[in-house]
> 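Before we start, here is the structure in question, set down as structure tokens.
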Amino acid sequence: SLLETRLSTEQRELLVPTPSSSSSSAPASTCAVNQLLVELKVVVGLLNKYFQSLPSTGPALVRHRTTVEFQSAQSLHQVLIVMLFAMVCRVDATAKILSRHDNRKHRNWIMSAFFGTFFMPNVPSAPDVIMMAKMGLAKMNGWQKKIPREVVEVVLRPALTQFCDVQRLDVNLIKGLQAVVELLPTLFKEVFGKKVLQTLQLFADAQDIRKKLPDASGK
């Protein structure tokens, strides 16, 4: 079971606080927040590995969605997004800690987690969770001048690559990209915008062709 997956040696080491001159002088509340973020990152990483191992479409995915393991993982993922949203948008103390320059790594993985809610077509998220992810990203985007390269490489680039392949395109991915464009309209160049329109037209044409084909019953 995913929830019983053992942590790797590296992940175990992450969970053990290592004393240092900087951490020893930091307030206890800051150390507690940083430790909690480290632990949440490990859980998010395990969930992402599980979701990535699932089939993207078809009967196999449908079968997975009926399992207790999938439903538990999906529920846990949504709870984590709600927790991250609260830390970023509702608790001033943690938001202040996260906005500091030396917490860039924490910000990057949290932004990746928020973005991930838009680009997991095999793991649908509740509308409220997607809205929280949008609000979290909007708040964090105000803390820095641009989206970190690490976030682009880990989340956005793979999604955009899939978007440009009509064979792998689906409605959920389109909705996810739409959410990102709404949030960050200046993130994409004009040439990409034209590519998006071209791909959407191809997708629409393909969908129209599918509708005109006879179904399996021969009607």
Side-chain angles (χ1 to χ4, degrees), residues 8 10-11 13-15 18 20 22-23 26 30-52 77-78 80-121 123 125 129-164 172-193 195-196:
S8 65
E10 179 181 355
Q11 290 168 333
E13 291 174 351
L14 282 173
L15 295 179
T18 54
S20 65
S22 58
S23 61
T30 300
C31 294
V33 169
N34 285 333
Q35 183 65 19
L36 174 60
L37 289 171
V38 168
E39 295 174 5
L40 290 177
K41 180 181 179 182
V42 171
V43 178
V44 169
L46 289 172
L47 286 172
N48 286 340
K49 286 183 180 179
Y50 170 73
F51 292 142
Q52 290 166 7
H77 176 262
Q78 297 195 24
L80 287 170
I81 295 300
V82 173
M83 289 177 64
L84 294 175
F85 161 78
M87 295 179 76
V88 170
C89 298
R90 291 290 182 264
V91 183
D92 292 339
T94 54
K96 184 176 180 180
I97 292 172
L98 283 169
S99 65
R100 286 167 32 185
H101 177 73
D102 56 347
N103 278 324
R104 176 180 57 83
K105 290 185 177 180
H106 283 321
R107 288 199 303 274
N108 286 357
W109 79 257
I110 293 174
M111 291 187 79
S112 296
F114 284 146
F115 273 122
T117 61
F118 308 141
F119 298 123
M120 290 193 298
V123 189
S125 296
V129 174
I130 292 177
M131 180 58 65
M132 289 181 187
K134 286 183 178 180
M135 293 174 67
L137 280 172
K139 179 72 173 288
M140 298 184 77
N141 189 52
W143 295 343
Q144 48 204 15
K145 295 181 179 179
K146 62 180 181 179
I147 302 298
R149 178 179 296 275
E150 177 184 332
V151 177
V152 173
E153 293 290 339
V154 171
V155 182
L156 291 181
R157 192 178 299 280
L160 296 178
T161 300
Q162 182 178 347
F163 181 83
C164 293
N172 287 324
L173 185 62
I174 293 174
K175 290 180 178 179
L177 186 61
Q178 178 186 3
V180 174
V181 173
E182 288 176 350
L183 275 173
L184 309 164
T186 61
L187 182 61
F188 307 104
K189 296 180 180 179
E190 182 180 356
V191 64
F192 177 75
K195 179 64 177 178
V196 168

> So do V180 and L137 actually touch side chain to side chain, heavy atoms under 4.5 Å?
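Of all side-chain heavy-atom pairs linking V180 with L137, none is under 4.5 Å.
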> Can you confirm whether V88 sits close enough to M83 that some side-chain heavy atom of one is under 4.5 Å from a side-chain heavy atom of the other?
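Contact flag for V88/M83 side chains = no.
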> Nearest 0.5 angstrom please: N141 CG to R107 CZ, how far?
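Nearest 0.5 Å value for the CG-CZ distance: 11.5 Å.
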> Side chains of M131 and M135: does their closest heavy-atom pair fall under 4.5 Å?
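M131 reaches M135 side chain to side chain.
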> Got W109 and V154 here, is their nearest side-chain heavy-atom distance under 4.5 Å?
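The answer is no; the side chains never approach within 4.5 Å.
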> Side chains of Q78 and T117: closer than 4.5 Å at any heavy-atom pair?
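They are not in side-chain contact.
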> So, do L80 and V43 sit near enough that their side-chain heavy atoms are less than 4.5 Å apart?
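The answer is yes; the side chains approach within 4.5 Å.
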> So, for I147 and M111, which heavy atoms are closest and what is the spacing to 0.1 Å?
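The pair with the smallest heavy-atom distance is CD1-CE, 3.7 Å.
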> Can you give the donor-acceptor pairs under 3.5 Å from side chains of residues 89-99 to other protein atoms, not counting sequence neighbours?
{"residue": "T94", "atom": "OG1", "partner": "M87", "partner atom": "O", "Å": "2.6"}
{"residue": "T94", "atom": "OG1", "partner": "V91", "partner atom": "O", "Å": "3.0"}
{"residue": "S99", "atom": "OG", "partner": "A95", "partner atom": "O", "Å": "3.3"}
{"residue": "S99", "atom": "OG", "partner": "K96", "partner atom": "O", "Å": "2.9"}

> Over all heavy atoms of both residues, which pair between F114 and I81 is shortest? Give the atoms and the distance, please.
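Reported closest heavy-atom pair: CE2-O, 4.0 Å.
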> Under the side chain to side chain contact (heavy atoms under 4.5 Å, CB included) test, which residues partner V155, sequence neighbours left out?
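V155: side chain to side chain contact (heavy atoms under 4.5 Å, CB included) contacts with S112, F115, F119.
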> Working to the nearest 0.5 angstrom, can you tell me the gap between H106 NE2 and L37 CG?
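Nearest 0.5 Å value for the NE2-CG distance: 5.0 Å.
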> Let me see the working for N34 and N103 under side-chain contact (heavy atoms from CB on, under 4.5 Å), right down to the final yes or no.
CA-CA 9 Å; N34 285 333; N103 278 324; 3.5 Å; yes
> Return the set of residues passing salt bridge (charged side-chain N to carboxylate O under 4.0 Å, His left out) with K134 (not counting sequence neighbours), or none when no residue passes.
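Scan of K134 (salt bridge (charged side-chain N to carboxylate O under 4.0 Å, His left out), adjacent residues dropped) gives E182.
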> How long is the straight-line distance from NZ of K105 back to CD1 of I110, given to the nearest 0.5 Å?
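The distance works out to 14.5 Å.
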> Going by salt bridge (charged side-chain N to carboxylate O under 4.0 Å, His left out), name the pairs with one or both residues in residues 148-162, residues two or more places apart or in two chains.
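Found E153-R157.
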> What I'd like to find out is whether the side chain of F51 reaches to under 4.5 Å of the side chain of L46, using heavy atoms alone.
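F51 does not reach L46 side chain to side chain.
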> Check L84 against A113 and note the closest heavy-atom contact, atom names and distance.
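Looking at all heavy atoms of both residues, the shortest contact is CD1-CB, 4.0 Å.
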